Colleague: 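Okay, handing you the structure first.
Keep in mind that this is a model prediction, so the values were computed, not measured.
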Amino acid sequence: MIVLQQMTVLFLVMMIGFFAYKKDIIDSATSKKLSSIVVNIANPAMILSGVIGDTSQIQGNDLLITVTASIVLYLILLLIGTVLPNLLHVPKKSAGVYSVMTIFSNIGFMGFPIISAVYGSGALLYASIFLIPYNILIYTYGIQMMQQGEKETFQWKKVINIGVVFCIISIFLFITNIPLPNWVKSTITTLSNMTAPLSMMVIGSSFATMNLKELFCDKKLLIFSAIKLLILPIAGTLLAKQWIDNWALCGVIMIMLSTPVGSMTAMLAQEYQGDYALASKGVAITTILSVATIPIVSALVMNG
């Protein structure tokens, strides 16, 4: 019920974006500017918000296990993200977007609320550690994959962007545990809280330009969704339970793998000239289907 409520809220915000576009409150130019706000302001604030809490509560063996699990998880996802587009025989121009959609889920503004509601606020400490490699990769590997025409000329100036800078700052704050003034924390939290509604509204506005009937007739996207929402989280969580004797940490891994394609995928596609239409469809269809698949995955792998 908690999961269903969270999904309903996000879906309603997307629908507000849809009707705002239909009523000319949002147009394509506005949508692009909102995407830029999410990528360059709100999401960097969310990166910091993940480490300004009392992460010092995770210490010793638990900290080592969590850091190791986060590194292993993303190494495996990078491998799958490289192989899966070839298995699905997607066009070369779409391969980068499929790769990014495979790796990056909606863990920040969908996964975090679910984790907090189901496993308690303490479990967010584990999730915040997973956000560090997530954000480093999405602002480096993710951007490179979106820029299909420029992948052959790797340029450091494209890697050293605002997202990576804030990731470095977040790692520094996590390691040093420097206390921040309450007014700084409040500012970061306020900006961070913009990420979910703005990104969902942008995705919703993109619905207005889609043929929703065709959305569910895209066989490759449906097969991808089944792999992304069912096979990967079930297999990944069962594997994690074989090696990790921590119920909350396994739950965090399950939610992170079960959540739909991250809306940042579409934001980056729009910001960096990727296949925005495909990324938006991926976010849309996986978000809709995840209302059913997350409870199914949880029931299958977390009971007992």
Colleague: Quick test of your reading: applying ring pair (Phe, Tyr, Trp, His ring centres under 6.0 Å), list the pairs with at least one residue in residues 211-238, sequence neighbours left out, ordered by first then second residue.
Modeller: Tyr98-Phe224
Colleague: Can you list every side-chain hydrogen bond (donor to acceptor under 3.5 Å, both in side chains) pair that touches residues 14-24, not counting sequence neighbours?
Modeller: Tyr21-Ser28
Colleague: How long is the gap from OG on Ser258 to CD1 on Ile107, to the nearest 0.5 Å?
Modeller: 12.0 Å
Colleague: Do you know which two heavy atoms are closest between Gly262 and Val283, and how far apart they sit?
Modeller: O-CG2, 3.6 Å
Colleague: Of all the heavy-atom pairs spanning Val202 and Ser35, show the shortest one and how long it is.
Modeller: CG1-OG, 3.5 Å
Colleague: If I compare all heavy atoms of Met254 with all of Pro233, which pair ends up nearest, and what's the gap?
Modeller: O-CB, 4.4 Å
Colleague: Donor-acceptor pair, distance only, cut-off 3.5 Å: does the side chain of Thr293 make one with the backbone of Leu230?
Modeller: no
Colleague: Could you state the interatomic distance from CG (Leu84) to CG (Leu232), rounded to the nearest 0.5 Å?
Modeller: 7.5 Å
Colleague: Regarding Asp27 and Thr30, do their side chains bring together a donor and an acceptor under 3.5 Å, going by distance alone?
Modeller: yes
Colleague: Provide the closest heavy-atom pair for Gly282 versus Met101 in the form atom of the first, atom of the second, distance.
Modeller: CA-SD, 3.7 Å
Colleague: Taking side-chain contact (heavy atoms from CB on, under 4.5 Å) as the definition, give me every residue that meets it alongside Asp218, ordered by chain and number, with sequence neighbours left out.
Modeller: Lys220, Leu221
Colleague: Under 3.5 Å, is there a donor-acceptor pair between the side chain of Lys32 and the main chain of Gln270?
Modeller: yes
Colleague: Name all pairs fulfilling the ring pair (Phe, Tyr, Trp, His ring centres under 6.0 Å) condition that reach into residues 227-271, sequence neighbours left out, sorted by first residue then second.
Modeller: Tyr119-Trp247
Colleague: Report the residues that fulfil side-chain hydrogen bond (donor to acceptor under 3.5 Å, both in side chains) with Asp275, sequence neighbours left out, ordered by chain and then residue number.
Modeller: none
Colleague: How long is the span from the OG atom in Ser36 to the CD1 atom in Ile41, to the nearest 0.5 Å?
Modeller: 7.5 Å
Colleague: Does Ser205 use its side chain to pair, donor to acceptor, with the backbone of Gly17 at less than 3.5 Å?
Modeller: no
Colleague: Any idea which heavy atoms bring Val13 and Pro197 closest together, and the distance?
Modeller: CG1-O, 3.6 Å
Colleague: Any side-chain hydrogen bond (donor to acceptor under 3.5 Å, both in side chains) involving residues 67-90? Give me the pairs, sequence neighbours left out, ordered by first then second residue.
Modeller: none
Colleague: What is the minimum heavy-atom distance between Val90 and Ser94, and which atoms define it?
Modeller: CG2-C, 4.4 Å
Colleague: Would you find a donor on one side and an acceptor on the other, under 3.5 Å apart, between the side chain of Thr189 and the backbone of Ser186?
Modeller: no
